[in-house]
Amino acid sequence: MKVVNRIEDLKRFLSQEREKGKHIGLVPTMGALHAGHLSLVKRCVAENDICVVSVFVNPTQFNDKHDLETYPRTLDKDCALLEPAGCTYVFAPSVEEMYPEPDTRVFDLGPVASVMEGPRRPGHFNGVAQVVSKLFYIVEPDRAYFGEKDFQQIAVIREMVKQLGLPVQIVDCPICREEDGLALSSRNTRLSPELRKKAPLIAKTLKESVAKAAGMSVKEVHDFVVNTINQDPDMEVEYYEIVDGNTMQPIQKWSDTDYPVGCITVYCGDVRLIDNVKYNKQ
């Protein structure tokens, strides 16, 4: 496994791999890796000859300066996890390397970016599109791997790829969870022990709502999820939307879509956690 910091070095290495006819997979990350990331890496290794993992905390996708400053940076630990997982290249550039000058591109990502996270985190998805498109131009991967925990982000990246005409297959991978159901996230480390015990209520409630959905309207399922979680004084639902899983647009009744997905963001104390669940077509 090679750790590469410079764009021109990575491009040279990958050009040599491509000349040998090798297929290249990319797993974009912001580091602080956990088992969820490693599941993406293992799939990438299984489906490609070369696995590139980027470790880069991208400043343009943070609309909260404190969040950017406190985001964990653990490159040595990350590399210790990536090597046994079969990673070929770790791309760990500096901010100056990725943005030698400001990226002023503004993407019109359409309806998939206009709901849920979009209005609540202004500029976030534009920053995601900036950095992921840069990584795609640098690595030129055949496939790129993303976790479904960031469900809306995958839809945004698919839209960006379509608009730019990039020849990359976007592979979405299932959410990895702790034994108690909590979706794996780098942010989980910021939960106090007491709040960590409470956080699985999110996944538990979503799972219960799937069982109840057959006998409930969309609004009734929505209200059940929000009210159940908000009963805990340490938990507050920022939003819960039941949407079409392709367009990200909210649905009013189950017959509005063949792919209903519930997307939620909850403050557990002051830690913002996201999760989602797929409903059966009613």
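Along the sequence shown, residues carry numbers from 1. Atoms considered below: every heavy atom in the structure, side chains included; atoms not considered: hydrogens, waters and symmetry mates.
Side-chain atoms of Lys207 and Ile202, non-hydrogen and from C-beta on, never get closer than 4.5 Å to each other. Proximity of Ile229 to Ile264: side-chain heavy atoms (C-beta onward) are separated by under 4.5 Å at one or more points. Between Phe125 and Phe107, the closest side-chain pair of non-hydrogen atoms is not below 4.5 Å. Contact annotation: the side chain of Gln61 never approaches that of Arg121 to less than 4.5 Å [non-hydrogen atoms, C-beta and beyond]. Contact of the Ile24 side chain with the Val52 side chain is registered, since non-hydrogen atoms from C-beta on lie closer than 4.5 Å. A 4.5 Å side-chain heavy-atom check between Val243 and Cys263 finds at least one atom pair inside the cut-off. At a threshold of 4.5 Å between non-hydrogen side-chain atoms, the residues Lys162 and Glu159 count as touching. Side chains of Met248 and Val261 form no contact here, defined as non-hydrogen atoms less than 4.5 Å apart.
Remark: Lys20 engages no residue in a salt bridge (Lys or Arg N to Asp or Glu O under 4.0 Å) (not counting sequence neighbours). Legend: residues meeting salt bridge (Lys or Arg N to Asp or Glu O under 4.0 Å) with Arg73, ordered by chain and number and at least two apart, are absent. For Lys77, there are no salt bridge (Lys or Arg N to Asp or Glu O under 4.0 Å) partners, not counting sequence neighbours.
Shown here for Ala32 and Thr74, the closest heavy-atom pair between the two residues is CA-OG1, 3.4 Å. Taking all atoms of both residues into account, the shortest heavy-atom contact from Ala144 to Val168 is N-CG2, 3.9 Å. Among all heavy-atom pairs drawn from Val4 and Leu10, the shortest one is CG1-N, 3.6 Å. Ser54 and Thr29 get closest at one heavy-atom pair: O-OG1, 2.7 Å. In terms of heavy-atom proximity, Gly262 sits nearest to Tyr279 at N-CE1, 3.7 Å. Of all heavy-atom pairs between Gly86 and Cys51, the closest is O-CB, 4.4 Å.
Residue pairs meeting the salt bridge (Lys or Arg N to Asp or Glu O under 4.0 Å) criterion with at least one member in residues 130-155, sequence neighbours excluded, are Glu148-Lys278. Under the ring-ring contact (aromatic ring centres under 6.0 Å, His included) criterion, the residue pairs touching residues 59-91 are Phe13-Tyr89, Phe62-Tyr71, with sequence neighbours excluded. Applying the side chain to side chain donor-acceptor pair (under 3.5 Å) definition to pairs two or more places apart or across chains, those involving residues 257-268 are Glu117-Thr265, Tyr239-Thr265, Asp244-Thr257. The list of side chain to side chain donor-acceptor pair (under 3.5 Å) pairs with a residue in residues 102-111, not counting sequence neighbours, reads Asp103-Arg105, Arg105-Ser133. Evaluation of the salt bridge (Lys or Arg N to Asp or Glu O under 4.0 Å) test over residues 31-40, restricted to residues two or more places apart or in two chains, returns none. Within the structure, every pair that satisfies the ring-ring contact (aromatic ring centres under 6.0 Å, His included) test and touches residues 37-60, not counting sequence neighbours, is listed here: His34-His37.
Between the Asp49 side chain and the His23 main chain, a donor and an acceptor come within less than 3.5 Å of each other. Although no hydrogens or angles enter the test, the distance criterion places no donor-acceptor pair under 3.5 Å between the side chain of Gln153 and the main chain of Phe151. Without hydrogens or angle criteria, Asn5 side chain to Ala92 main chain gives a donor-acceptor distance under 3.5 Å.
Atom CE of Met98 sits about 9.0 Å away from atom OG1 of Thr60, to the nearest 0.5 Å. Remark: Cys268 SG to Arg187 CZ distance equals 13.0 Å, nearest 0.5 Å. In this structure, the separation between CD on Gln130 and CG on Asn126 is 5.0 Å, given to the nearest 0.5 Å. In this structure, CG on Leu26 lies 9.5 Å from CG on Asn48, to the nearest 0.5 angstrom. The distance from atom CZ of Arg18 to atom NZ of Lys11, rounded to the nearest 0.5 Å, is 9.5 Å. Taking CG of Leu14 as the reference point, atom OG1 of Thr88 lies at 9.0 Å (rounded to 0.5 Å).
Hydrophobic cluster membership is shared by Val139 and Val131, with clusters built from Ile, Leu, Val, Met, Phe, Trp and Tyr side chains linked at under 4.5 angstrom. No continuous path of hydrophobic side-chain contacts links Met30 to Val132 [ILVMFWY only; heavy atoms under 4.5 Å]. Residue Leu273 is not grouped with residue Leu184 when hydrophobic side chains (ILVMFWY) are merged at heavy-atom distances under 4.5 angstrom, including chains of intermediate members. The cluster map of Ile, Leu, Val, Met, Phe, Trp and Tyr, joined by side-chain heavy atoms under 4.5 Å apart, puts Ile170 and Val128 in the same cluster. Val277 and Leu182 end up in the same hydrophobic cluster when Ile, Leu, Val, Met, Phe, Trp and Tyr side chains are linked at under 4.5 Å.
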Ignoring hydrogens and angles, write down the donor-acceptor pairs under 3.5 Å from the side chains of residues 215-227, residues two or more places apart or on other chains.
unit_1, atom_1, unit_2, atom_2, d
Ser217, OG, Glu220, N, 3.1
Ser217, OG, Glu220, OE1, 3.4
Lys219, NZ, Asp223, OD2, 2.7
Glu220, OE1, Ser217, N, 2.8
His222, NE2, Tyr240, O, 3.1
Asn227, ND2, Asp223, O, 3.1

Result block: side-chain N/O donor-acceptor pairs under 3.5 angstrom for residues 109-116, not counting sequence neighbours:
unit_1, atom_1, unit_2, atom_2, d
Ser114, OG, Pro111, O, 2.9

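Comment: Glu208 engages Lys204 in a salt bridge, judged by a side-chain N to carboxylate O separation of less than 4.0 angstrom. Between Glu8 and Arg12 there is no salt bridge, since none of the side-chain N atoms of the basic residue sits less than 4.0 Å from a carboxylate O of the acidic one. Looking at Glu238 and Arg272, a side-chain N of the basic residue comes within less than 4.0 Å of a carboxylate O on the acidic one, giving a salt bridge. Under 4.0 Å is where a charged nitrogen must lie from a carboxylate oxygen, and between Arg177 and Asp275 at least one such pair does.
Within 6.0 Å of atom NZ in Lys65, 12 or fewer heavy atoms from other residues, nucleotides or ligands are found, so the atom counts as exposed in its surroundings.
Cluster partners of Val90, by chain and number: Met1, Val3, Val27, Leu33, Leu38, Leu40, Val41, Val45, Val53, Val55, Leu75, Leu81, Leu82, Tyr145, Val171. The rule joins Ile, Leu, Val, Met, Phe, Trp and Tyr whenever side-chain heavy atoms lie under 4.5 Å apart.
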Legend entry - Derivation and outcome, salt bridge (Lys or Arg N to Asp or Glu O under 4.0 Å), residues Asp172 and Arg158: CA-CA 10 Å; Asp172 49 341; Arg158 287 192 199 282; 3.4 Å; yes
